[in-house]
**Q** 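This structure is in structure tokens; I'll ask about it shortly.
Throughout, residue positions are numbered sequentially from 1 according to the sequence presented. Both counts, for ligands and for their atoms, begin at 1 and track the order of listing.
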Amino acid sequence: MATRTGAWAAVAAAAVVAVLSAALSLYGSPLDAVLKRAFSLHNAHSVKGMEDALQLVRNIVPPLTAKKHKGQDGRVGVVGGCREDSPDAVHDVGKWLPRLHALVVGPGLGRDDVLLSNVKDILEASKARGIPIVIDADGLWLIAQQPALIQGYQKAVLTPNHVEFSRLSEAVLGDPLDGQDRRGAVLRLSQALGNVTVVQKGERDVISDGKQVLECSQEGSGRRCGGQGDLLSGSLGVLVHWALQAGPERTDGFSPLLVAAFGACTLTRQCSHQAFQKHGRSTTTTDMIAEVGPAFSRLFET
Ligand SMILES: NC(=O)C1=CN([C@@H]2O[C@H](COP(=O)(O)OP(=O)(O)OC[C@H]3O[C@@H](n4cnc5c(N)ncnc54)[C@H](OP(=O)(O)O)[C@@H]3O)[C@@H](O)[C@H]2O)[C@@H](O)CC1
Ligand SMILES: Nc1ncnc2c1ncn2[C@@H]1O[C@H](COP(=O)(O)OP(=O)(O)OP(=O)(O)O)[C@@H](O)[C@H]1O
Ligand SMILES: [Mg+2]
């Protein structure tokens, strides 16, 4: 991309694509009505719900075959890093867009006005092409200023942390965050944005497409080092493409983006868990990236 892609998201996306080399497809039989109940608003976070949701993620992992060539299972662009270098950034990025399967916008981007104006144009060009977009960090800052940019674009996923969610909620709903009802708050924000998928990160990750709510409570760690969210948005870029490519029959009728988001949350938290077991309080996001392969195998190749 014409942007600097030094953020963790780029590394994470690359790491997950690299994991493809070890990925197996586990196209299971259709899931039964129990699964539908497990996804209900009240018990999606139960152990049974978590296991059922994991199975759906396994269903979207594309098979490795000798017939595929480089890039076929996903080319993911990251508009991140620290600044856009070129005065013709939008034009330069535009040349890449036709080749991309998904775009991750925001980690480490900064909030410079000119830069965000370029990002706005890149978002418009991506939407016009129907490219799935994951928006995080400073990309969310832009959306909070101009929610119309993403309104009704159902191939978008927003991944706010606590502060970013409050900012969005205030901008879109005019509501201060209701800390007591996180599930309702995420559902309402998604609905108000026209069913854009929202992933609110936290002690549990709460995910909604405005119709259903999923919770991810995979064991992570107590370590809160910077960059974990970038790993989540980067890996989500890959999973969003896989989920859309797999289609709703692989996700048993559930929104592919909901399943992709659940997968990225689970993977990030498992990486955190494994890295913390080895490095304890000195764990950094780099240590987590080293766990992407083993965590992926453990979660999605069983
Ligand atoms: N590798 C890179 O290049 C990375 C780059 N990044 C880039 O860094 C920039 C800043 O991003 P960010 O995420 O640190 O700022 P943001 O979320 O606005 O928080 C600001 C303040 O809000 C608070 N706060 C935060 N979380 C909270 C919580 N759960 N619960 C309660 N409070 C919470 C907390 O306030 P404090 O506690 O310090 O008073 C915090 O200091 C941004 O440009 C991003 O792109 C990052 O993506 C990291 C990896
Ligand atoms: N209190 C918590 N307990 C356990 N896991 C958490 C907690 N808060 C966040 N996480 C996990 O950490 C990951 C990153 O979430 P976080 O809220 O730190 O994002 P962020 O602030 O955007 O991170 P970044 O520093 O990359 O910008 C997510 O996978 C989330 O599930
Ligand atoms: Mg972040």
**Q** Just by distance, no angles: are the side chains of Arg58 and Gln55 close enough, under 3.5 Å, to form a donor-acceptor pair?
**A**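 Indeed, the side chains of Arg58 and Gln55 share at least one donor-acceptor pair under 3.5 Å.
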**Q** Short list, please: which atoms of ligand 2 are under 4.0 Å from a heavy atom of Gly226?
**A**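 Result: 25 (O).
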**Q** Relative to the heavy atoms of Lys201, which atoms of ligand 2 are at a distance of less than 4.0 Å?
**A**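 Listed by number with element: 15 (O), 17 (O), 19 (O), 20 (P), 22 (O).
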**Q** Does the side chain of Thr159 pick up a donor-acceptor pair with the side chain of Asp136 at under 3.5 Å?
**A**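 Checked: Thr159/Asp136 side chains pair up, N/O donor to acceptor below 3.5 Å.
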**Q** Taking ring pair (Phe, Tyr, Trp, His ring centres under 6.0 Å) as the cut-off, I'd like each qualifying pair that reaches into residues 101-149, sequence neighbours left out, listed once.
**A**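 Pairs touching residues 101-149 that pass the test: His101-His241.
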**Q** What atoms of ligand 2 come within less than 4.0 Å of a heavy atom belonging to Leu232?
**A**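 Here the atoms of ligand 2 in question are 28 (C), 29 (O).
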**Q** Run the contact test for Gly202 against ligand 2 with a 4.0 Å cut-off on heavy atoms, strictly below, and give the result.
**A**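 The answer is yes, since Gly202 has a heavy atom less than 4.0 Å from ligand 2.
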**Q** Counting each atom of ligand 2 from 1 as listed, which ones have a heavy atom of Thr268 under 4.0 Å away?
**A**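 Counting atoms of ligand 2 from 1, those under 4.0 Å from Thr268 are 29 (O).
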**Q** Which atoms of ligand 2 have any heavy atom of Gln228 under 4.0 Å away?
**A**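 This gives 12 (O), 13 (C), 14 (C), 26 (O) as the contact atoms.
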**Q** Do Ser235 and Val292 have side chains that approach each other closer than 4.5 Å (heavy atoms only, starting at C-beta)?
**A**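 The answer is no, as the side chains (C-beta and beyond) never meet within the 4.5 Å cut-off.
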**Q** Looking only at non-hydrogen atoms, which of Gly227, Cys216, Gly222, Gly229 approaches atom 25 (O) of ligand 2 most closely?
**A**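 Looking at heavy atoms only, the winner is Gly227.
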**Q** Between Glu164 and ligand 2, does any nitrogen or oxygen pair lie at a separation below 3.5 Å?
**A**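 N/O-N/O distance below 3.5 Å does not exist for this pair.
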**Q** Please list, in number order, the atoms of ligand 2 under 4.0 Å from a heavy atom of Asn161.
**A**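 Those qualifying, in numeric order: 17 (O), 19 (O), 20 (P), 21 (O), 22 (O).
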**Q** Is it the case that Asp230 and Ser233 place a side-chain donor and acceptor less than 3.5 Å from each other?
**A**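 No, Ser233 and Asp230 have no side-chain donor paired with an acceptor closer than 3.5 Å.
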**Q** Atom NZ of residue position Lys120 - does it have more than 12 heavy atoms of other residues, nucleotides or ligands inside 6.0 Å?
**A**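 Not buried by this count: 12 neighbours or fewer within 6.0 Å.
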**Q** For Ser221 and ligand 2, does the shortest N/O to N/O distance drop below 3.5 Å?
**A**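 There is no such contact.
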**Q** Provide the number and element of each atom of ligand 2 under 4.0 Å from a heavy atom of Asp230.
**A**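 Result: 26 (O), 27 (O).
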**Q** How many angstroms lie between CG in Leu168 and CD1 in Ile135, if you round to the nearest 0.5 Å?
**A**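 It is 9.5 Å, given to the nearest 0.5 Å.
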**Q** Could you tell me whether some N/O pair between His162 and ligand 2 is separated by less than 3.5 angstrom?
**A**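 N/O-N/O distance below 3.5 Å does not exist for this pair.
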**Q** By side chain to side chain contact (heavy atoms under 4.5 Å, CB included), which residues pair with Ala156, not counting sequence neighbours?
**A**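 Partners of Ala156 under the side chain to side chain contact (heavy atoms under 4.5 Å, CB included) test: Ile150, Tyr153, Val196.
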**Q** Nearest non-hydrogen contact with atom 6 (C) of ligand 2 belongs to which option: Arg224, His273, Glu203?
**A**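 Comparing heavy atoms across Arg224, His273, Glu203, the nearest one to atom 6 (C) of ligand 2 lies in Arg224.
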**Q** Decide yes or no for Thr197 and Ser208: does some side-chain heavy atom of the first lie under 4.5 Å from some side-chain heavy atom of the second?
**A**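 Side chain of Thr197 against side chain of Ser208, heavy atoms only: no contact under 4.5 Å found.
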